[in-house]
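Here's the structure, in structure tokens; my notes come after.
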Amino acid sequence: MLLLTCPNCGVEADETELSAGGQAHLKRFAAGSSDDEFESYLFHRSNAKGVHFERWRHSYGCGKWFLAARDTNTLEVFGTYPAQTPEPPKDLIAAIKKKRPDWKGFAK
Amino acid sequence: MSTRLQTGGTIIDRGQQIEFRWNGKRLRGFSGDTLASALLANNQMLLGRSFKYHRPRGLVASGAEEPNALVGLGEGARFEPNQRATTTELFSGLTAQPQNAWPSLEFDIGALNKMMTRFFPAGFYYKTFMYPRAAWKHVFEPVIRKAAGLGAAPKDPDADTYEHYHTHTDVMVIGGGISGLAAALEAGRSGARVLLVEQTANFGGRAIVDGVEIDGGDAESWINETLKTLNEMDNVTVVNRCLGAGVYDHGYVLAYQRLTDHTPDKDGPRHRLWRIRAKQVVTATGALERPLSFAGNDVPGVMLAGAVRDYATLYGVSVGDRVVIATNNDDAYRTAITLHRAGLIVPVIVDARPEANGTLPEQARALGIRIDTGKAIAKVKGGKRVTGVSLCVQAGEGSVLEEVACDAVAMSGGWSPVVHLWSHCGGKLNWDAEQAMFRPDPKRPPTGADGNGMLHVAGTANGYLDAASALADAGQAGRDAAKDAGFKPAAGTAPKAVSEAEAPILPVWSMPQGAGVKLQMKTFLDYQNDVKVSDVRLAAREGYESVEHTKRYTTLGMATDQGKLSNINGLAILADSLNAEIPRVGTTTFRPPYQPISMGAIAGSARAELFKPVRKSPVHAWFEDNGAVWEPVGDWRRPYTIRQAGENQKDAVKREILNTRQNVGLLDASTLGKIIVKGPDAGKFLDLLYTNMMSTLKPGFCRYGLMCTENGFLTDDGVVARLDEDTFLCHTTSGGSDRIHAWMEDWLQTEWWDFKVYTANLTEQYAQIAVVGPKARQVLEKLGGMDVSKESLPFMRFAEGTLAGIPARAFRISFSGELSYEIAVPASQGRAFWDKCLEAGAEFGIQPYGTEALHVMRAEKGFIMIGDETDGTIIPQDLNLNWAISKKKADFLGKRAQERSHMTDPDRWKLVGLLTENPADVLPDGAYAVDGTTAPTGIKTTIGRVTSSYYSPTLDRSIAMGLVKHGPERMGEVIDFPTTEGAVIKAKIVDPVFFDPEGEKQNV
Amino acid sequence: MSDVQSVLGGASFDGAVKVTEAGVQGMITLRGDLGSEALAKAVKSAVGLAVPAPLAVKSGAKGAVAWMSPDELLLTVPYDQAEAAVAKLTKALADEHHLAVNVSDARAVFTLSGDAVRDVLAKGTPADVSPAGFKPGVIRRSQLGLVAAAFWMTSDTEVTVVCFRSVGEYMYNWLCTAAKPGTLPIVS
Amino acid sequence: MKRYSAFAIAREAVRYHQGWERAWASPVPKKEYDVIIVGAGGHGLATAFYLGKNFGITNVAIIEKGWLGGGNTGRNTTIIRSNYLQDPSAAIYEKARSLYETMSQDLNYNVMFSPRGVMMLAQTEHEVRGYKRTAHANALQGVKTEFITPGKVKYLCPIIEVNGPRFPVLGALWQARGGTARHDAVAWGYARACSDMGMDIIQQCEVTGITQAKGQVTGVETSKGAIKCKKLAMVVAGHCGVLAEKAGFRLPVESVALQALVSEPIKPCMDVVVMANTVHGYMSQSDKGEMVIGGGTDGFNNYTQRGSFHHIEETVRALVETFPMISRLKMLRQWGGIVDVTGDRSPILSKTPLGNCFINCGWGTGGFKAIPGSGWAMAETIAKGEPGALAAPFGLDRFKEGRFIDESVAAGVAH
Ligand SMILES: Cc1cc2nc3c(=O)[nH]c(=O)nc-3n(C[C@H](O)[C@H](O)[C@H](O)COP(=O)(O)OP(=O)(O)OC[C@H]3O[C@@H](n4cnc5c(N)ncnc54)[C@H](O)[C@@H]3O)c2cc1C
Ligand SMILES: NC(=O)c1ccc[n+]([C@@H]2O[C@H](COP(=O)([O-])OP(=O)(O)OC[C@H]3O[C@@H](n4cnc5c(N)ncnc54)[C@H](O)[C@@H]3O)[C@@H](O)[C@H]2O)c1
Ligand SMILES: Cc1cc2nc3c(=O)[nH]c(=O)nc-3n(C[C@H](O)[C@H](O)[C@H](O)COP(=O)(O)O)c2cc1C
Ligand SMILES: [Zn+2]
């Protein structure tokens, strides 16, 4: 039963107030992209056991989307940040590296 | 004989007698009794039968860990199977029945005689019952099932109610023994919000029974004082009869409060499920005593030593006149002393240790109790009741030295800390070889959202068995928890406890040590599931070496007590069989709940009308009063048809259709989604969202649009109206409004956040009422207020104004092919508008119609329906909707997907109309068309399927739409649709527009 | 106005807490740049109040304003003034990207009053409604029962609950069940 | 291997069961195998079994990081049915179901396949249409199902409330030869048979790396050292993403928690399996008497084998409404498994970017029922290097082509 702090309204939200939205920072491939690019965008997922960047919506609360870095193996939440962030914030990456020295870093 | 003693019983009130029924007999107990203590007081030793062998079973324990004394409690709509007698508080009028015995508890024909059990070792069923093949389902399984299962299934719907309750706390303390109280006190003093729960009615736990001294007084006074202090603290909440049921991720704790189980006549919910968010959790759940493994340890009368002491001290009940004590530790001597002081006889204390010279053994010796060290019980004698024990040396193989007559045996194999809650969410354990127990490893706690530990363990649960160190540990745990929750606890002022010092335990996993296979086959580990030492050894021998394999092969620990008594003993035997260390074998996984909790409590108040909210339109009540047949649509209820007196459903639909086509119909379309999309980039945004071009729509105009998923599949459709330069109103399907609104926001917030667009879901702001049919205009003219003429309000336009004095927006759109207006009015005036339409329409023959008429009429016109023609695998091209797919746009959601090879495959099935050769035959919904060939997998090749099929009253024949391979190129061809009954219906491929193909009726 | 009907016609229930359907209420959803001066001015002129901080709700003589999300406010005014207020807001913000819409009819509004109002809410919401997280001046949007709702305290013993109109009847039944006599207070 | 039979039990009873052999050996890994299968769940073991039985390939190792059968195979609600909508699904699930019919005899291990019947309740008009469509499809696929009336539903399962106020039962799709089996026994039976064929089941051995040369797999690194192989099959369910990453490719899969629970055991009261998809819950009664209950998955990636409690709540809420009598039963235990859910919710049986490496995954919430059919088809794929008729539609290429096998279309069915 996760607890995630919504960066949009500041509420520490119970999982039941939220909806999960899958892997974050996917680059959208649209018309004109190759079959491989498009397949990757729609289907291939990191599915990491460990550090995972993902999308959440505070659906019963402020209604806004946000992003989270979470460990899928321990469920530790490293941080949350606004959805309008193209790549994970640098300080968050640094903080995660400190806690998970073996982590290979953010990969799209 | 078990009986009520003349004196004693700290928690019963001898002044208040209570009558109850057991197994058809009327018995008496006292207020404060549990059903278990009251049964013992009435010499009811035989309480049930075991699961597999139907062996006689009596009480073993005095608390939640009880595996045997499960009863059927109550009657009728309040009957509950598998209720533990030990946790059932006695109340007047209680009725209980024994379980799993037939025809009676005393004479159970399911009972296997001693010879037969030999043929049923662990896992025997995997090795037999295989031949003949059908016999498993029809012969063996029914027999096995009949024998298995415990209590009877309840028959009636539950008469009780349940509820949920959320709370947030800084520190949650589970367990109200002295450790829990001390931890709560320390945490509370820091100012933290504290919630303390205790599963039983009484606080104080074992300290009362053990005669512990705290701060110079008896434990009871300290407990009462501490409770008083806690209750006076504003930041502390104390709840009894409340089980800490499970610890979940991120500090979520489930607690289960039993509100009226002990007073069933009281009103209100029976159970309350607490959903708790705790910053820190302290478990002070104490320890559970382990049985000893000797032959016959399951005979009624063999009990845990601590439980025997509980019954004597708390309830003034003796379990027997002559009680042999068997132990490997000092604690059981407390039981001997207690019994002796109560005037009962302890013929001998059988202590497996080579010597016993601690304070407690010396006290016992001084009382003249015989102590035999280095000895063991070779075997218990008796069937439905202990009659004696034979003794042997612990070091040997069980040759009998002596027989001792007795009517009960109190055994203690040492204590296991209750580490369940620590483990639920990933806390790890260490094996403490000296104390022979698993203890929480403070370095590997369950972790919370921040990755730090979220749980502390206090007192006995942490492996501190003596009161003094338990209290010190608990105080520290309380302070640590408060600190970790962000508070500043003051330096501790731990209460000082004094209890007798105890000599070390000697781990004894088998009694006697060299017990041979014959004894092993009579030595029970799991009492309820009849798992014996020999079974665990057999599992190990056969390769089921993982403790998890052993568990599943033997069912050890899978009974209703979840191995609270048996697990440690079982894995020690397994370790021994594998010649491995106990920690290497490890424990099985601890899973919630700590004790079973009612399904009713889990469901809470969400029953009947509160089960799943029904969304209701502003006109809902009218339908309710006027014979609507309801159909769920999303979370809404919509009228399928509105029956008139004496009419059946089919006739009602027919009447509604014909009336709408001939006169005028009225439809409540309020459930349609209505989403406002506004901003300078609204057009651009909708161009991406819809397959059509929306940015070119002129204000005042409407356009039908399609939306696809990024995967290319058609997901929703509806009419878009441009309200002004900046503002669009998008209609969606009834089931789609929330989904599509969320979908829009998803794209706007997470992909195109530079777009200047705001959306709002106005679905519920408006009631939307469709006035449909040749006389629709006349009805609106009569309502008055707005020019609805062909010239002012042509097809696919809308106008704003008032109708019948109500603010209205009228859309000239049609889903039926008729002259049709959809009128949006404020929802609060929706019912009034509906009524006015009916009134004004009366002279024109207006009649409301339901969703089925709507569906038929749209099919007559060949209009697709999301959910019928689409199913999540259909692209607009399949439905010949290419005209609605813009070729000019560089991008829209689904465009790239629709370019993939499978989506451009010319063999994709395409939408056509289908007319059965016999007009009276209605093609079955979902029927497939075949071409007579068969695939290598044996599956008949299909070439199409029916997506919608109806009898059309307008055409007085059946019509259908369907998807057919190369359909549009095969007009006029006849294809075969086999029915599930084996018939074949032939249908001709035709254009899907069956009625008014020129659209003459709607353009008037 | 005689045609205007709230979901339950003002039904009420006297339980351990009093539950009342508050009748129709003028409500406006205003989306825009909450930091903009024009928006602040528009809000001020509509309800006489400043733009609230996150999770705050303010009320005054003309109405109330609640923070709903980083780009959304909820304004309340008397029911029959909502359309006019929308028009005024739209005009005042004509030069700014914004959205002002009347949502009065899309809602059901309830008032709970009594000492145990927090307990009633706590039976159905995962939000922290203890004084530590919830007091007059704070608005929470969350789940209540099985549906979405917003709620705020108008005093220490009174709560306003807003949900969608279509589930108004469900909400009323849920609140009445939660407020049954004899089941409250849970935590004194 | 000595055969199991009633006679064997009688013989052993006389000597207090001291003479039973090990069900499977506990070998030290060899240096090299013809085929290594990673994952000793039902699918991995069945794959090995049919490699031996159908193709005579027995120089096989099955490598398991924990204890065999301890993944989803050991924690599922054991529903077996084949009433799928799409032809490729119906083909493989019906193959599996028919193999279940004789599995006990084939393995000489009683897996207690109990064809007690599975019904999927239709509680909306939409579901009625969906299930009728499925019934039509099944008739052509050779899968015996029928759409039954509420009256028959009540007759087959008297504890159902068919007239519930919120979602009355409008009918059901009924597969009389669907049912359940003893899940652990399926893994154990296959393991015993594989071991008997001379295959090595290596438990407590985690594959930590996949060594490759020239686009081919050469072997695996494990916690017990490096082992070479000529062919590799990855059959690790929830961990397929982790293993694929080690092999250097990504899959269209996400791993999420699926939960189940059991009640305390009661006397038999329900002789069929019931799935109620509108309200989202399903239930059957085990031979020991517990009500075995399952529901929905979490929405977020998770490897903990624990799920979120609100799903348990939702499921129980739904089932209390459908089966009012269970309100007074108690939940005994709840647990979770990590299921691998693909982009179209259908499994993957496929070649991979590595020439001699094959993958079997994506069974998600419903692969127990498929075990024998999947093993059969996977063995064929490995042995021949190309998928046969059963496996072919389930290749990875379908995601690029947009050729999905979408089962949720009829009525959003899982399990
Ligand atoms: C709660 C629940 C209920 C379900 N109910 C049903 C149902 O009713 N009917 C149905 O048909 N299906 C059901 N399923 C789905 C079904 O259980 C699975 O689809 C099926 O068991 C998958 O089998 P498998 O052999 O592929 O995977 P698993 O049994 O999970 O086996 C995979 C094995 O691979 C091992 N492994 C992983 N990584 C490595 C590594 N690196 N090295 C070595 N070994 C590794 C794992 O330890 C595991 O033992 C349910 C699943 C769950 C969780
Ligand atoms: N010497 C021994 O061998 C020995 C063994 C065990 C206990 N003790 C004595 O027990 C006392 C220790 O006190 P303590 O407080 O640590 O343990 P305790 O056993 O006295 O108290 C634990 C309390 O927690 C409650 N509890 C357990 N699980 C719960 C749950 N999940 N939810 C709610 N309540 C739950 C129990 O009902 C009990 O009241 C000392 O007096 C100690 O000496 C001694
Ligand atoms: C069909 C089925 C029936 C089960 N019945 C019981 C049971 O009667 N008693 C029990 O304790 N556990 C039962 N379990 C649950 C297992 O104990 C265990 O929780 C599950 O296999 C998951 O493993 P884990 O909890 O060790 O992770 C059952 C599991 C399944 C799949
Ligand atoms: Zn938020």
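To find a chain, count down the sequence lines: A is the first, B the second, and so on, and within it residues start at 1.
With hydrogens and angles left out, the side-chain atoms of B/Asn100 and D/Lys267 include a donor and acceptor closer than 3.5 Å. Counting only N and O atoms by type, the side chains of B/Arg591 and D/Gln334 include no donor and acceptor under 3.5 Å apart.
The two residues B/Gly543 and D/Trp24 come nearest to each other via the heavy atoms O-NE1, 3.6 Å. D/Lys330 approaches B/Asn82 most closely through the heavy-atom pair NZ-O, 3.2 Å. Closest non-hydrogen pair, B/Leu538 versus D/His17, comes out as CD1-O, 3.6 Å. The heavy-atom pair separating B/Tyr162 from D/Ser327 by the smallest distance is CE1-OG, 3.7 Å.
For D/Gln105, the parts sitting under 4.5 Å from any heavy atom of chain B are the backbone and the side chain alike. Contacts between D/Val279 and chain B at a heavy-atom distance below 4.5 Å involve the side chain alone, from C-beta outward. Of the atoms belonging to B/Asp905, not a single heavy atom falls under 4.5 Å from chain D. In this structure, chain D has a heavy atom under 4.5 Å from the side chain of B/Glu545, while its backbone stays farther away. For a residue to count as touching a neighbouring chain, one of its non-hydrogen atoms must lie under 4.5 Å from one of that chain's; by this rule D/Lys400 touches chain B with the backbone only. Neither the backbone nor the side chain of B/Asp535 comes within contact range of chain D; no heavy atom of the residue lies under 4.5 Å from a heavy atom of that chain. Only the side chain of D/Arg3 comes within contact range of chain B, judged by heavy atoms closer than 4.5 Å. Interface remark: D/Glu314 contributes no atoms to any contact with chain B (heavy atom separation under 4.5 Å). With a 4.5 Å cut-off on non-hydrogen atoms, D/Ile293 touches chain B through its side chain but not through its backbone. Of the atoms belonging to B/Thr937, it is side-chain heavy atoms, and not backbone ones, that fall under 4.5 Å from chain D. Both the backbone and the side chain of D/Arg116 come within contact range of chain B, each with at least one heavy atom under 4.5 Å from a heavy atom of that chain.
Between D/Glu264 and B/Arg84 there is a salt bridge, since at least one side-chain N of the basic residue sits less than 4.0 Å from a carboxylate O of the acidic one. Taking a cutoff of 4.0 Å between a charged side-chain nitrogen and a carboxylate oxygen, D/Arg133 and B/Asp925 do not qualify as a salt bridge. Using a 4.0 Å cut-off between charged nitrogen and carboxylate oxygen, B/Lys551 and D/Asp184 do not count as a salt-bridge pair.
Interface remark: of the candidates B/Ser546, B/Pro157, B/Gly151, B/Gly151 forms the most heavy-atom pairs closer than 4.5 Å to chain D.
The side-chain tip of D/Arg328 does not point at the ring of B/Phe79 from less than 6.0 angstrom away and within 45° of straight on.
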- Going through the distances and angles, do D/Met112 and B/Tyr126 end up as a side chain to side chain contact (heavy atoms under 4.5 Å, CB included)? CA-CA 8 Å; D/Met112 300 173 210; B/Tyr126 301 121; 3.5 Å; yes
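Ring pair D/Phe309/B/Tyr248 is tilted by interplanar angle, where 30° to 60° counts as tilted.
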